[in-house]
Amino acid sequence: MSDVEAFAIDDDFDPLADLDLDGGERDDAEADYLPPIPDADKSVVPPPVELSPAERIEKLLSGMPGQQFRLLRAVELCAEPRTLEEAAAALDEAHPSPTSVYSSVQVIQLLERAGALERLEDEGAGDAPAEGEDARATEAIGESADADVAPSAAGGGEALAEGEESDDNFISVTPAPPCRYRATQAGLDAVEAYVNEDRIVQKIVEEKRYLPVFQRVLEMAAREGGCPTKELDAAVDDDPLCAEPRRFCGFFRGKLEGTGAIEWRGTWAITDLGRSVLASGLFDAASSAEDAADPSLLGAAASSDAASSSVAAPSSSVR
């Protein structure tokens, strides 16, 4: 037998003959059968939980601890309605954060999404765009708008009559209606809850023994131009009060920053709230109470009284 005869191809062979597919037809029960999915009940996606504005604001503030008071400052600035440009410029001036990854415009947008700000559409905005809105809208679209300019806009076509449609495809640029942003009641409630002296005082007096340290940090941050981190660390870390239990300046700095008493502006600077607490007499009253409760000072005072009485006795006998 030759090699050609050994490898001859059988044209009558049908590889699908034994499968009985019958042109792709099968029983309905077999066609609708699906294998069971393990733990199918656990793979069901629950419906989204709707949070209230207060809950969304709280979630935003807790998720951005370093930006809390910047966010709250933006809400304060929008107590009266402001445009996006006005609000962003005011926030940059009142709370500059050049190193933040969030621009002032993004901060306002985050607050709107959380429900701390609301957008007010100006009435009659569709009649005429505000000055400068045309340019901003065109820049937002980009250069792609230049490729599809209508012939009439380029001066090469005739003006269309009212109600008449053009056969040419072109992009019609409609400027976004001007709007203003205003603080909601939920946003103002968050400002009232976070921005107050009571939170700072409560955090400071949790451990009264450290009152002199808190006072020192506030006074150094109140200097013109603020105070660098290294200088604060040098003034606090070696204090005997911080020896046992061991405390470092970051512990006190964190409490003051978290309550809005100081903030980072290239150096540590005191805020208006911090100045109010520093001038409130909190530290003076604590120092007086501490002196009065010190037994050594009481003993010294008693010795002083005894000495003065012994000196006064002879003079009275002389008279």
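Scope of the values below: all heavy atoms of this structure, side chains included, with no hydrogens, waters or symmetry mates. Note that the numbering runs from 1 along the sequence shown for the chain.
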Query raised in the report: Do you see a donor-acceptor pair shorter than 3.5 Å between the side chains of D189 and Q185?
Result: yes

**Report entry** Under 3.5 Å side-chain donor-acceptor pair for R199 and Q202
**Finding:** no

Requested in this report: Count the heavy atoms of every other residue, nucleotide or ligand shown that sit under 6.0 Å from CD of E206, and state whether that count exceeds 12.
Outcome: yes

Report task. Might you confirm whether atom OH of Y102 has over 12 heavy atoms from other residues, nucleotides or ligands at distances under 6.0 Å? Result -> no

Checking the side chain of [X] only, and the main-chain atoms of [Y] only, is there a donor and an acceptor separated by less than 3.5 Å?
X	Y	answer
Q68	L61	yes
T271	G260	yes
E55	S52	yes

Query raised in the report: Quick one: are L256 and I270 in side-chain contact, heavy atoms under 4.5 Å?
Result: no

Report task. In plain terms, say whether R247 and D237 are close enough for a salt bridge, that is, a side-chain N and a carboxylate O under 4.0 Å apart. Result -> no

Report task. Answer yes when R180 and E86 have at least one side-chain N-carboxylate O distance shorter than 4.0 Å, and no when they do not. Result -> yes

Query raised in the report: F248, F214: one ILVMFWY side-chain cluster at the under-4.5 Å cut-off?
Result: no

Requested in this report: Name all residues meeting the side-chain hydrogen bond (donor to acceptor under 3.5 Å, both in side chains) criterion together with E263; count only those two or more places apart in sequence or in a different chain, and write none if there are none.
Outcome: H95, R265

Query raised in the report: What pairs meet the salt bridge (charged side-chain N to carboxylate O under 4.0 Å, His left out) rule with one or both residues in residues 213-223, with sequence neighbours excluded?
Result: R216-D239, R223-E231

Query raised in the report: Listed by chain and number, what are the ring pair (Phe, Tyr, Trp, His ring centres under 6.0 Å) partners of F69, not counting sequence neighbours?
Result: none

Report task. Identify the heavy atoms of S100 and Q67 that sit nearest to each other, and give their distance. Result -> OG-NE2, 3.3 Å

